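Below is one structure, written out as structure tokens; the observations come after it.
A, B, ... follow the sequence lines: proteins, then strands. Residue 1 opens every chain. None of these values were measured; they are calculated from a predicted model.
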Amino acid sequence: NLQKRLDAVFKRLKGYGRLTEENIQDALREVRLALLEADVNYKVVKDFIKRIKERAVGSEVMESLTPGQQVVKIVHDELIELLGRSASPLSLAGRTPVVIMLIGLQGSGKTTTSAKIARFLKKKGRRPYLVPADVARPAAIKQLMALSGQAGVDCYETEAKEPPQEIARKAIMQASLKGLDTVIIDTAGRLHIDEALMGELRAMKETASPQEILFVADAMTGQDAVNIARSFDEAVGITGIVLTKIEGDARGGAALSIRAVTQKPIKFIGVGEKLNDLEVFYPDRLANRILG
Amino acid sequence: IFRKRKIDDELLEELEELLVTGDISVSCVTEIFERLKKEIKRNAISDGDALKEALKSIILEMVDIDAPPIPWAPSPYICLMAGVNGVGKTTTIAKLANILKSQGKNPLFVASDTFRAAAIDQLLVWGKRLNIPVIHHQQGADPSAVAYDGIEAAIKRGVDVVFVDTAGRLHTKVNLMEELKKIRRVIKKHIEDAPHETLLVLDATNGQNALNQARQFNEATPISGIILTKLDGTAKGGIVVTIANELKIPIRYIGIGEKMDDLEPFSPKLFVDALFS
Ligand SMILES: Nc1nc2c(ncn2[C@@H]2O[C@H](COP(=O)(O)OP(=O)(O)OP(=O)(O)O)[C@@H](O)[C@H]2O)c(=O)[nH]1
Ligand SMILES: Nc1nc2c(ncn2[C@@H]2O[C@H](COP(=O)(O)OP(=O)(O)OP(=O)(O)O)[C@@H](O)[C@H]2O)c(=O)[nH]1
Ligand SMILES: [Mg+2]
Ligand SMILES: [Mg+2]
């Protein structure tokens, strides 16, 4: 892991007196390598290393008896800073029904996460309503309806024969009539470069006025995370991020890239396929993973 | 970035950035650069264009695994699909079956994902669209039992190719990998040479984790081929360079969209060209 690699760098210093610029450069090279292996975007790593260097040439490292540990501490602190210092809750205040819309690439976990969030909110005493607005993918509506049954949450019924904006509009009216306070809209997976489908998202936003637009991203995403997140954010504007499939061994560097480019908070992480596998995001656990 | 430029540190750094941002592992990029430096010396390469060509041919050699094409015979030819969650296994089965039907082959679908909500329904929709029968049990059934029944049906019906769809699973989940091994064992008990193909589906937007996926899945159920999906996005899928170099598994197809026609045979040359575009 990074601590061991940095200790090895600084071990060669024992008895050579003060740390030099070159020692720091070696240490930074190890940090850079660790971050790239963790899937943090190349340019994000470059900026990050610049910030680390400024602190690393300061007295906290140069005059430390354990410079390796000091560098790890600085990297850890900067990661936490970048990942978002504290947990950021869903924005649910205001006129009901409050609308949450989930967006993202194909297969990232939107449908499963929609049901997870519904279950989460129900446990907190809210009255959620699930809306299957994916009319493209085979059996997508059946998938959400099955999950809503498992979550014990009401689901808007549709047969995929109307456009997603219509489904959203009617579902929100239904929720109002039923006295349900939170509408959770599952959308079809789409590419950030698909102009027509990004336009469809804008149209849905216009119709549904969501208070939260959550970008659902796979924790295993690689270098392209920056590109993808920026495009979704610029096209429709995201208010938060959900990082899924994080319970595997993906280092999760994509989180850093997405945070760096959108500055939006990571609200939840998906830690499994079951509906209770949703956790509120805390940055320090992910920081440790990214460092390896 | 290549034309008329002299080969200096700045150019080499730009090349490193290009390859790393394409998701090729840093260790693999290091190896590529070591080979490149030898090439530069051996052939006295002095301009950007020649350098680019040398670089391309090094990477091409890594991904162009020498393997005969998939025969899709003898019947019933059993093809087991595996991979982590959401990569495109089910959709890719539909695409492969579509190609085989157009070649006059008679496929069969086996719905061995009995766990995920509406997974069976999803495969049923594709079966209906392609006019391909689907062997399935109820939600929650034993995936191996479904696979067994699928092989039985394939033999009885004289089907040419059998696609066994499995649930997405993270390679780190021991019990799920054991389940996959069991599906394979059950298939093997039924037909000795089966599964004739075990195809690992990888998502081109994944980064270094795809290497772990390839290693672990290959360990559990020897992978005969890789299918790289979602290359219609902006990710380059460069991790397959590392995977091919290390595991020598042929990349067979690429997924380039969500429709049944959106599958193409893997072209090493086009793939390497795309890395540099
Ligand atoms: N291991 C794991 N799997 C997950 C997690 N979240 C979702 N999945 C799985 O990922 C796969 C894809 O999930 P979906 O909810 O269908 O993804 P989606 O974004 O709705 O997909 P599209 O609608 O096709 O774009 C399924 O197999 C889910 O069970 C998670 O946190 N961990
Ligand atoms: N853009 C694009 N989308 C794809 C491609 N292949 C599959 N998809 C989409 O990716 C999503 C997931 O596809 P599935 O076939 O359900 O993936 P899976 O691996 O079977 O998922 P699980 O069974 O849940 O693990 C769907 O929305 C597909 O339409 C591709 O090549 N390009
Ligand atoms: Mg979905
Ligand atoms: Mg599937």
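With a 4.5 Å cut-off on non-hydrogen atoms, A:Ile141 does not touch chain B at all. For B:Gln139, no part sits under 4.5 Å from any heavy atom of chain A, backbone or side chain. When heavy atoms are compared at a cutoff of 4.5 Å, B:Val26 approaches chain A solely by way of its side chain, counted from C-beta outward. Heavy atoms of A:Asp249 lying under 4.5 Å from chain B belong to its backbone as well as its side chain. Proximity to chain B (any heavy atom under 4.5 Å) is restricted, for A:Leu105, to the side chain, taken from C-beta onward. Contact annotation for B:Thr21: both backbone and side-chain heavy atoms come within less than 4.5 Å of a heavy atom of chain A. For B:Val87, no part sits under 4.5 Å from any heavy atom of chain A, backbone or side chain. Using a 4.5 Å cut-off between heavy atoms, B:Lys173 contacts chain A through its side chain alone, with no backbone atom that close. Heavy atoms closer than 4.5 Å to chain A are found in the side chain of B:Asn212, but not in its backbone.
Residue A:Ile184 is tested with A:Leu121, A:Leu214, A:Val131 for a side-chain contact (heavy atoms from CB on, under 4.5 Å); the sole match is A:Leu121. Each of A:Asp186, A:Ile185, A:Leu201 was checked for a side-chain contact (heavy atoms from CB on, under 4.5 Å) with A:Ile103, and the lone residue meeting it is A:Leu201. Screening B:Leu170, B:Thr205, B:Asp203 for a side-chain contact (heavy atoms from CB on, under 4.5 Å) involving A:Met220 leaves a single residue, B:Leu170.
Around atom CD of A:Glu162, more than 12 heavy atoms belonging to other residues, nucleotides or ligands sit under 6.0 Å away. Within a 6.0 Å radius of CG in B:Asn175, more than 12 heavy atoms belonging to other residues, nucleotides or ligands are found.
Ranked by heavy-atom pairs under 4.5 Å with chain A, the list B:Ala119, B:Ser25, B:Gly207, B:Gly233 is led by B:Gly207. Among the candidates B:Glu17, B:Gln122, B:Gln208, B:Arg116, the residue making the largest number of heavy-atom pairs closer than 4.5 Å to chain A is B:Glu17. For chain B, the option among A:Gln106, A:Glu37, A:Lys43, A:Arg251 with the highest count of heavy-atom pairs below 4.5 Å is A:Gln106.
Between the side chain of B:Lys89 and the backbone N or O of B:Val84, at least one donor-acceptor pair lies under 3.5 Å.
The line from CZ of B:Arg252 to CD1 of B:Ile226 is 10.5 Å long, rounded to the nearest 0.5 Å.
Under the 30°/60° scheme for interplanar angles, the aromatic rings of B:Phe163 and B:Phe109 are found to stand perpendicular.
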